[in-house]
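What follows is a single structure, written as structure tokens, with notes after it.
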Amino acid sequence: MLPHVPTLIGRKRDGESLASGEIRALIEGYTQGEVPDYQMSAFAMAVYFKGMNAVETAALTQAMLESGETFTHPADHPPVIDKHSTGGIGDKVSLPLAPLLACTGAWVPMVSGRGLGITGGTLDKLESIPGFKVGLGLEDAQQQLARLGVVMMGQTASFCPADRKLYSLRDVTGTVASIPLITASIMSKKLAESLDRLVLDVKFGSGAFMKTKEDATALADSMIAVGKEMGVDVQACLNPMSEPLGRAVGNALEVAEAIDCLNGAGPADLRELVLDLAEAVTSNSREELARLLDDGTARAKFNEMVAAQGGSPADLEDLTNIHAAPLIEEVPAPDTGTITAVDAGLIGQAALQLGAGRSRATDPVDFSVGFDQLVKCGESVHQGHPLCRIHARTRVDFEMAEALIDQAIVIEP
Ligand code: URA
């Protein structure tokens with residue numbers, strides 16, 4: 001039976017621990033529409049400020065996991081593996097990584113999210129590929145997994161429905177950066193995949209939800225503890241998110257960069273992170289994994305997946321023309337010197353304001369807007385040479401983004 005929800009919210013607001021049954025009833029009520037968004041937002045804000053202990057976090061994860069169906073794999077299945085990132089700016093790793101992992105013979109049932117706060121989301125990026133369907137039914141997803149070894153999809157009304165609702169609510173209510181809420185969101189999706197092994201890419205820095213390495217370590221420990229309790233081999237890699245990953249931020253622009261990576265090219269930091277995470281979650285050597293990127297094997301797998309999920313591989317090389325922003329202009333460097341900072345938080349904020357993310361749960365995202373050709377820390381620039389290109393809808397948006405770029409990029413003589 002649904003407990004008195006205002007009392008539960010008040011008890012969490014006052015720092016009390018809730019019983020597992022109370023948390024389960026709340027999540028069930030929310031999933032079924034008995035608990036409205038306004039009460040769940042208040043509850044999420046209470047958790048944001050007062051936290052949850054390990055038992056409550058495990059109960060929240062379990063309740064969210066049990067809100068929908070889960071993958072069932074045949075007895076003789078190959079290793080079922082995945083990675084999940086806690087979210088960053090320009091983080092398009094999943095796009096090359098999922099097909100790469102599938103090329104090692106593993107099964108990769110990757111369930112991802114949309115943009116959250118200032119960070120981009122794999123589902124929004126995938127939907128910039130015309131026709132690509134992320135809302136697969138479990139039956140179809142399992143068949144595709146058995147056929148291709150990879151499927152990339154989102155939460156649906158029957159698969160992780162609690163996370164689907166709570167994720168979009170947190171996105172627009174300032175309740176993302178909470179260790180128990182992130183743990184339950186990520187681990188409920190990953191446990192619903194019925195995985196053997198999971199690698200977590202836990203980010204820290206201005207473009208991440210955890211601003212310090214200490215907080216990121218606490219988040220990693222929380223997710224590892226839940227994984228252990230549920231019998232999944234989980235390891236975490238801590239990675240800085242002080243500058244964006246790669247040189248592109250924005251949905252279609254990031255897919256284009258991910259395609260470069262799948263063509264054996266693209267920015268070095270993206271390729272290295274893809275290989276680091278692949279090495280952590282498979283038993284293949286780095287050389288073997290690099291070869292699968294360089295010889296087109298992983299790219300061919302990505303093309304197969306795109307075709308299976310309703311897209312056309314022929315569109316992939318042309319995405320930035322299919323989604324061309326009305327205004328694409330370079331930002332010239334004001335001085336000559338070395339780049340010492342490219343603040344990921346400010347760039348993420350600018351991308352959000354350009355229209356790459358959402359302010360309200362029902363907002364559409366604009367696939368075309370964002371940044372590309374971004375400079376990286378340590379590079380030298382000459383006055384007047386480009387720091388990046390801004391892709392904007394209007395001159396006003398362009399000027400807003402240019403002002404944030406001016407703050408974000410530091411050049412020292
Ligand atoms: N990724 C998720 O899936 N959920 C979060 O809460 C944060 C990052």
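Whatever order the structure lists them in is the order used to number ligands and atoms, beginning at 1.
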Holding to ring-ring contact (aromatic ring centres under 6.0 Å, His included), I want the full list of residues that pass it with Phe43, two or more places apart in sequence or in another chain. none
Heavy atoms under 4.0 Å from ligand 1: which residues qualify? His84, Ser85, Thr86, Leu116, Tyr167, Arg170, Ile182, Ser185, Ile186, Lys189
Evaluation steps, side chain to side chain donor-acceptor pair (under 3.5 Å), between Thr104 and Thr282: CA-CA 8 Å; Thr104 68; Thr282 64; 5.5 Å; no
Would you list the pairs meeting side-chain hydrogen bond (donor to acceptor under 3.5 Å, both in side chains) in which at least one residue belongs to residues 31-44, sequence neighbours left out? Tyr30-Asp37
side-chain hydrogen bond (donor to acceptor under 3.5 Å, both in side chains): which pairs involve residues 166-177, sequence neighbours left out? Thr173-Thr175
Any chance the side chains of Asp201 and Asn239 put a donor and an acceptor closer than 3.5 Å? yes
For Met187 and Leu198: C-alpha separation, side-chain torsions, deciding distance, then whether side chain to side chain contact (heavy atoms under 4.5 Å, CB included) applies. CA-CA 10 Å; Met187 295 308 290; Leu198 170 66; 4.0 Å; yes
